[in-house]
Amino acid sequence: QVLLTESGGGSVQAGDSLRLSCIISGRPATTHIVGWFRRAPGKEREHVATISWTGGRLYYSDSAKGRFAVSRDKFANSVYLQMDDLKPEDTAIYYCVHDRPGGDGEDSYYWGQGTTVTVSS
């Protein structure tokens with residue numbers, strides 16, 4: 001069973017930075033993709049940034065490009081999201097994800113419990 005534990009959320013001012021961390025427990029040898037999604041108030045969950053575990057290929061949403069950076073540490077079984085120049089529209093619950101073979105839609109990932117990021121203007 002893959003368990004994902006996020007940390008690093010908080011309340012900040014616009015323009016500030018935050019670094020989210022996620023520890024992956026029970027990670028299988030076949031890990032393919034890890035990363036982050038978010039759900040803003042009143043909106044559906046959306047992709048933020050993901051990275052391939054072995055090759056390090058990066059995938060960013062348009063809103064994340066240029067401000068956020070996803071990375072992973074194979075030895076620490078962890079994935080990170082560095083968020084710079086935060087904006088109020090980045091306010092959301094951020095979820096760590098790990099691919100889940102055989103799933104469909106949201107079931108194609110394991111999900112963490114989420115960590116809340118609040119950005120005030």
Side-chain angles (χ1 to χ4, degrees):
Q1 178 72 16
V2 175
L3 295 177
L4 308 171
T5 305
E6 304 101 332
S7 62
S11 296
V12 297
Q13 298 288 318
D16 286 350
S17 298
L18 277 175
R19 186 177 190 242
L20 306 183
S21 300
C22 173
I23 298 173
I24 306 168
S25 302
R27 189 186 68 77
T30 54
T31 297
H32 181 49
I33 294 287
V34 294
W36 299 89
F37 280 61
R38 71 184 182 187
R39 186 194 300 273
K43 296 186 177 181
E44 294 187 354
R45 196 146 50 180
E46 64 175 358
H47 172 266
V48 176
T50 44
I51 182 170
S52 63
W53 187 259
T54 54
R57 179 171 288 186
L58 306 171
Y59 307 88
Y60 289 103
S61 67
D62 288 342
S63 61
K65 287 177 184 176
R67 298 188 299 123
F68 294 2
V70 62
S71 61
R72 73 335 188 189
D73 185 329
K74 294 181 181 180
F75 299 102
N77 282 328
S78 296
V79 59
Y80 307 97
L81 185 67
Q82 176 67 40
M83 304 186 292
D84 296 324
D85 189 24
L86 283 160
K87 304 177 185 301
E89 52 264 40
D90 295 318
T91 294
I93 301 172
Y94 285 73
Y95 298 91
C96 179
V97 298
H98 179 293
D99 67 281
R100 184 174 185 173
D104 186 35
E106 289 198 349
D107 287 339
S108 62
Y109 291 103
Y110 293 102
W111 297 85
Q113 292 299 305
T115 185
T116 300
V117 172
T118 304
V119 184
S120 55
S121 58

From [atom1] ([X]) to [atom2] ([Y]), nearest 0.5 Å:
X      : Y      : atom1 : atom2 : value
Tyr110 : Arg100 : OH    : CZ    : 5.0 Å
Gln13  : Leu86  : CD    : CG    : 11.0 Å
Phe37  : Leu81  : CZ    : CG    : 12.5 Å
Leu58  : Ser52  : CG    : OG    : 7.5 Å
Arg19  : Met83  : CZ    : CE    : 11.5 Å
Leu3   : Trp111 : CG    : CH2   : 16.0 Å

Is there side-chain contact between [X] and [Y], with at least one heavy-atom pair below 4.5 Å?
X     : Y     : result
Trp36 : Cys96 : yes
Ile51 : Val34 : yes
Ser61 : Phe68 : no
His98 : Pro28 : yes
Arg38 : Asp90 : yes

Give a yes or no answer on whether the side chain of [X] reaches the backbone of [Y] with a donor-acceptor pair at less than 3.5 Å.
X      : Y      : result
Thr91  : Val119 : yes
Asp99  : Ile33  : yes
Gln113 : Glu6   : no

Measure across [X] and [Y] and return the closest heavy-atom pair with its distance rounded to 0.1 Å.
X     : Y     : result
Tyr60 : Ala69 : OH-CA, 3.2 Å
Tyr80 : Ser78 : OH-CB, 3.3 Å
Ala14 : Pro88 : CB-CD, 4.1 Å
Ser17 : Asp84 : OG-OD1, 2.8 Å

Establish whether [X] and [Y] are linked, either directly or via other cluster members, by ILVMFWY side-chain heavy-atom contacts under 4.5 Å.
X     : Y     : result
Leu4  : Val70 : yes
Val48 : Val97 : no
Leu18 : Ile93 : no

Going through the checks in order, is the side chain to side chain contact (heavy atoms under 4.5 Å, CB included) test met by Ile24 and Thr31? CA-CA 11 Å; Ile24 306 168; Thr31 297; 5.8 Å; no
Could you please spell out the steps behind the salt bridge (Lys or Arg N to Asp or Glu O under 4.0 Å) verdict for Asp62 and Lys65? CA-CA 5 Å; Asp62 288 342; Lys65 287 177 184 176; 3.4 Å; yes
Heavy atoms of other groups near Glu106 CD, more than 12 under 6.0 Å: yes
Quick check: Tyr95 with Tyr109 (ring centres under 6.0 Å apart)? no
